[in-house]
Amino acid sequence: MRPQAFIQTYGCQMNEHDSNQMRNVLAAEGYAFTDKPERAALIVVNTCSVRGNPENKVYSFLGTLRDLKRQKPDLVVAVAGCVAQQEGENILRREKSVDLVFGPDNLFRLPEMVRAAREGKRLCETGWMPRQRKIQNFIPEEWAERGHVDGVKAYIAITKGCNNMCTYCIVPHTRGREVSRESKNILREARSLVDRGAKEIWLLGQNVNSYRASKDYRFHALLDELSRVDGLERIRFTSPHPKDWDNTLTDLMAERANICNHLHLPFQAGSDRVLHAMRRNHTLEEYLAKIEYLQRRIPGIALTTDLIVGFPGETEEDFERTLFALETVRFSQVFAFKYSPRPGTAAAQIEDDVPRGEKEERLARVLDLQSQITEEQMTEQRDTVQRVLIDGAHPRQRGAMDGRTDGYRPISVTDDTLEIGDLVDVRVTGHRGHWLQGEVVRESARA
Ligand code: 5AD
Ligand code: SF4
């Protein structure tokens, strides 16, 4: 019987993508996959250290593996991802059940590392890939055309690492300096994914729009070329940085039907003083001017964002600027987090002086305001016609299929003729929570 691997993923889409790459390299070694850790010969915990919460989850999950390891001494437990990169040997010291710790740059060496662990070694592989130039094909050639297609969707990593040094952020410490892949590799990967059924491709990078293959070939040029790939119905990307977003990107989005009208543009804080202390390199006014252009050029565009409450020194007045930004932009979804100091970052040197209760209260105020805005937006969607990509069967309702609108809103469509991968026009009939409901607009009804 083939050995089974269990992979547990925390964190961002880049981590999900890394887990998919691990599945690819392990499948080539003869592994099958299970969703039951107790059946696995290999467990990989792909970790995230971006905030306190995901990091704690990692350690409590590792704790649950101790008994399993005692019962099955042959089991190999590996810790990958950002916590692994940052904590390295400490994890081996703290968790005796862990055999292998490796960082994101060592992912493609997984089979040889697991073999060494099977021979009884405890390994910590957190070195960086030899860095050549700012252009680097960090996905080895032999894997570039074997990217995973998940139903209708696939990811392509276009940059790796980050040069921004936002003061609260661990990512430059765990993912290293920024490098961009050569565009011809990215395009080859995109064509291969489309040939294998991908309808929607997500471009990934810690700061995706600072992609730069040369002085004249930047994110705009890449998006432009990708949007001409035959059969590629939808392109999304995450996460862009506001300072590297310019109106020519908005124009391109407006022009090309397959670049989705959805932008996740984190603003983090509304106060210029806090933005400066976060080293974000833009003001709220600059951010809002870009949003204003986006909303003018692309009416109905869905905007989403990340923000942090309780950054050191954030006063009530500062915080109210964050609420002001939410009211002004009216995002379709907001990911709001309480600030947590990350060891080794610049902000961790400053006193974390906003009391926990205050952070919680601010977070609750953000969520309250946003749920009101989301509810109003969902109601506004009623009777509009949305282009929907069908991506799965509804888990409970027979004859209904689920999909996403261009603006990435989830929607259930009552229709028993639809298939996964169909791209259809749907009239919104209502919503439940943040989930839309609708019916296909038939040609005759549209005329
Ligand atoms: N504390 C709280 N939130 C953070 N984020 C990143 N670092 C921290 C931190 N130290 C949030 C940011 C980022 C998202 C991925 O996580 O909003 O955009
Ligand atoms: Fe978490 Fe950031 Fe690492 Fe992604 S890159 S896994 S969000 S710490």
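Order of appearance sets the numbers: ligands from 1, and atoms from 1 within every ligand.
- Contact atoms of ligand 2 toward Val171: 2 (Fe), 5 (S) (distance under 4.0 Å to a heavy atom of the residue).
- Listed by atom number, the atoms of ligand 2 under 4.0 Å from Asn15 heavy atoms are 6 (S).
- For atom 17 (O) of ligand 1, the nearest protein heavy atom (residue, atom name, distance) is Gln268 OE1, 2.7 Å.
- Looking at ligand 1, you'll find an N or O of Asp306 within less than 3.5 Å of one of its N or O atoms.
- Under a 4.0 Å N-O distance rule, the pair Glu292/Arg296 qualifies as a salt bridge.
- Environment of CZ in Arg196: crowded, with over 12 heavy atoms of neighbouring residues, nucleotides or ligands closer than 6.0 Å.
- Interface atoms of ligand 1 facing Tyr339, defined by a heavy-atom separation under 4.0 Å, are 1 (N), 2 (C).
- Checked by atom type, the side-chain pair Tyr168/Gln268 shows a donor-acceptor distance below 3.5 Å.
- In this structure, Ser49 has a heavy atom closer than 4.0 Å to ligand 2.
- In summary, the atoms of ligand 2 found under 4.0 Å from a heavy atom of Cys12, numbered by their order in the structure, are 4 (Fe), 5 (S), 6 (S), 7 (S).
- The protein non-hydrogen atom at the shortest distance from atom 7 (N) of ligand 1 is Tyr168 CD1, 3.3 Å.
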Requested in this report: Give the C-alpha distance, both sets of side-chain angles, the deciding distance and a yes or no for side chain to side chain contact (heavy atoms under 4.5 Å, CB included) between Trp202 and His17.
Outcome: CA-CA 10 Å; Trp202 287 68; His17 180 51; over 6 Å; no
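- In summary, Arg118 and Asp99 do not engage in a salt bridge, as defined by a charged side-chain N under 4.0 Å from a carboxylate O.
- Listed by atom number, the atoms of ligand 1 under 4.0 Å from Arg342 heavy atoms are 10 (N).
- The distance from ligand 2 to the heavy atoms of Cys82 drops below 4.0 Å at these ligand atoms: 3 (Fe), 5 (S), 6 (S), 8 (S).
- Checked for salt-bridge contact, Arg212 and Glu178 miss the test: no charged N lies under 4.0 Å from a carboxylate O.
- In the model, Asp318 has a side-chain atom that pairs as donor or acceptor with a side-chain atom of Thr315 under 3.5 Å.
- By the 4.0 Å heavy-atom criterion, Gln206 is counted among the residues contacting ligand 2.
- No hydrogens or angles considered: nothing links the side chains of His264 and Gln333 as a donor-acceptor pair under 3.5 Å.
- Taking 2.8 Å as the threshold, Cys48 counts as a candidate ligand of atom 1 (Fe) of ligand 2, since one of its N, O or S atoms lies below it.
- For atom 8 (C) of ligand 1, the nearest protein heavy atom (residue, atom name, distance) is Val50 O, 3.6 Å.
- Ser340 N, 3.0 Å is the protein heavy atom nearest to atom 1 (N) of ligand 1.
- Looking only at atom types and distance, the side chain of Arg409 has a donor-acceptor partner in the side chain of Gln377 under 3.5 Å away.
- Proximity to Phe337 (heavy-atom distance under 4.0 Å) selects the following atoms of ligand 1: 3 (N), 11 (C), 14 (C), 16 (O), 17 (O).
- Closest heavy-atom contact between Trp245 and Asn209: N-ND2, 3.4 Å.
- Atom 16 (O) of ligand 1 has Arg51 NH1, 2.8 Å as its closest protein atom, hydrogens excluded (heavy atom only).
- For atom 2 (C) of ligand 1, the nearest non-hydrogen atom of the protein is Lys338 O, 3.3 Å.
- For the pair Arg94 and Tyr59, the cation sits on the ring face: its NZ or CZ lies under 6.0 Å from the ring centre, inside 45° of the axis.
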